[in-house]
Trainee: 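Let me give you the structure first, and then I'll get to my questions.
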Amino acid sequence: MTEDGRRLRGLRSREAILQRAVGLASVEGLDGLSLGRLAAAAGVSKSGFFAHWRDKEQLQLDAVEWATRQWIEQVVEPALRAPGGVRRLFALHEARLKFYGDRVLPGGCFFFAVQAEFDDRPGAVRDRVARAMREWHELIRRLVAEAVTMGELAGDVDPAQLAYEIDALGEMVIIHSRLLDGADVLVRARRAVLQRLRALCPDPALLPED
């Protein structure tokens, strides 16, 4: 095998391991990742596994990076293709709900699982998780602000407050879809944000009625 071929095979192996790590962490958290168990779950030898990671913290950091990239590709980028303004803001919420509804991850959301795990634990992993979450919250806030500037949301809307409400309604889906309301919570979370945006939009026809 050529050097390029070995490099490509190594990259594929690394990606397969990280995909498995993010899925497991969405259920058990990052601390629940046993290096040996993860190697077995990903179908690679322990020697192959340790060729990529020498310690657990680096694996955790790389898992956060992989989960961030997955979220951007499957939630953020599809939403940003919608027309700017209130429609793009609502598209972001719908893309998030689709991610949960499609059960892309067995635990629903990687970041929901790990934020509670690392919020009181200073260190590199906590810092990286916090940065990813700040970037997500800032994106929602920025889309609200853009919709206000375009006149598609009322001028007195507080972007930070509305962004907080939208994010909170999305986050409740993760809990309720497993413990309480099942699939019905997706409908409720979509309707709650839609009704909130239509009430604040000078031209509600920009958004679906239901």
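These numbers were taken from a predicted model, which means no experiment stands behind them.
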Trainee: Does the pair E135/R131 count as a salt bridge with the N-to-O cut at 4.0 Å?
Mentor: yes
Trainee: Is it the case that the ring center of W71 lies less than 6.0 angstrom away from the ring center of F99?
Mentor: yes
Trainee: Take atom CD in E209; do more than 12 heavy atoms of anything else shown fall under 6.0 Å from it?
Mentor: no
Trainee: Is a donor on one side and an acceptor on the other found under 3.5 Å between the side chain of D102 and the backbone of V104?
Mentor: no
Trainee: Identify whether M150 and I166 are in the same connected component of the hydrophobic contact network (ILVMFWY, side-chain heavy atoms under 4.5 Å).
Mentor: no
Trainee: May I ask you to say whether D167 pairs ionically with R96, meaning some side-chain N is under 4.0 Å from a carboxylate O?
Mentor: yes
Trainee: Is E77 salt-bridged to R81, going by a charged N under 4.0 Å from an acidic O?
Mentor: no
Trainee: Do Q161 and E165 have side-chain N/O donor and acceptor atoms under 3.5 Å apart?
Mentor: yes
Trainee: What I want to check is whether the side chains of Q115 and E171 have a donor and an acceptor closer together than 3.5 Å.
Mentor: yes
Trainee: Give a yes or no on whether the backbone of V86 and the side-chain of E152 come within a donor-acceptor separation of less than 3.5 Å.
Mentor: yes
Trainee: Can you confirm whether R121 is buried at CZ, in the sense that more than 12 heavy atoms of other residues, nucleotides or ligands lie under 6.0 Å from that atom?
Mentor: yes
Trainee: Is there a donor-acceptor pair under 3.5 Å between the side chain of S26 and the backbone N or O of F110?
Mentor: no
Trainee: For A147 and G85, work out which heavy atoms get closest and say how close.
Mentor: CB-C, 3.8 Å
Trainee: Minimum heavy-atom separation for L105 and G23, please, with both atom names.
Mentor: CD2-CA, 4.0 Å
Trainee: Would you name the heavy atoms of R198 and P204 that are closest together and state the gap between them?
Mentor: NH1-O, 2.9 Å
Trainee: Applying the 4.5 Å side-chain criterion to the ILVMFWY set and letting contacts propagate, would L194 and Y164 be lumped into a single cluster?
Mentor: no
Trainee: Output, in order, the C-alpha distance, side-chain angles, deciding distance and verdict of side chain to side chain contact (heavy atoms under 4.5 Å, CB included) for E73 and R69.
Mentor: CA-CA 6 Å; E73 290 175 353; R69 189 180 74 195; 3.5 Å; yes
Trainee: Taking R87 for its side chain and L207 for its backbone only, find out whether a donor-acceptor pair lies under 3.5 Å.
Mentor: no
Trainee: How long is the span from the CG atom in L59 to the CG atom in D62, to the nearest 0.5 Å?
Mentor: 7.0 Å
Trainee: Do L153 and L89 have side chains that approach each other closer than 4.5 Å (heavy atoms only, starting at C-beta)?
Mentor: yes
Trainee: Could you check if a side-chain atom of L92 sits within less than 4.5 angstrom of a side-chain atom of V75, using non-hydrogen atoms only?
Mentor: yes
Trainee: Quick one: do Q60 and R128 satisfy side chain to side chain contact (heavy atoms under 4.5 Å, CB included)? Show the steps, please.
Mentor: CA-CA 10 Å; Q60 292 173 335; R128 184 61 189 91; over 6 Å; no
Trainee: Can you name the closest pair of heavy atoms from F111 and A132 and give their distance?
Mentor: CE2-CB, 3.6 Å
Trainee: If you draw a 6.0 Å radius around NZ in K98, do more than 12 non-hydrogen atoms from other residues or ligands fall strictly inside?
Mentor: no
Trainee: Treating R141 as the side-chain partner and A163 as the backbone partner, does any N or O pair qualify as donor plus acceptor under 3.5 Å?
Mentor: no
Trainee: Test D158 against L162 for side chain to side chain contact (heavy atoms under 4.5 Å, CB included), laying out the working first.
Mentor: CA-CA 6 Å; D158 178 346; L162 183 55; over 6 Å; no
Trainee: Measure the OH-CD1 distance between Y100 and I174 for me, rounded to the nearest 0.5 Å.
Mentor: 3.5 Å
Trainee: Is any side-chain heavy atom of E57 less than 4.5 Å from a side-chain heavy atom of V125?
Mentor: yes
Trainee: Any donor-acceptor pair under 3.5 Å linking the side chain of R190 with the backbone of D210?
Mentor: yes
Trainee: Just by modelled atom types, is the D31 backbone N or O under 3.5 Å from a matching donor or acceptor in the E117 side chain?
Mentor: yes
Trainee: Which atoms form the tightest heavy-atom contact between L18 and A63, and what is the distance?
Mentor: CD2-N, 3.8 Å
Trainee: Nearest 0.5 Å, please: how far is OG1 in T68 from CE in M133?
Mentor: 11.0 Å
Trainee: So that I can tick it off, tell me whether R126 and D119 are bridged by a salt bridge, with the cut-off set at under 4.0 angstrom between side-chain N and carboxylate O.
Mentor: no
Trainee: R88 side chain to A82 main-chain N or O, any donor-acceptor pair under 3.5 Å?
Mentor: yes
Trainee: Spell out, yes or no, whether I175 and V187 are grouped together once hydrophobic residues are joined by side-chain heavy atoms under 4.5 Å, including indirect joins.
Mentor: no
Trainee: Looking at C201 and L206, what are the two nearest heavy atoms and their distance?
Mentor: SG-CD1, 4.1 Å
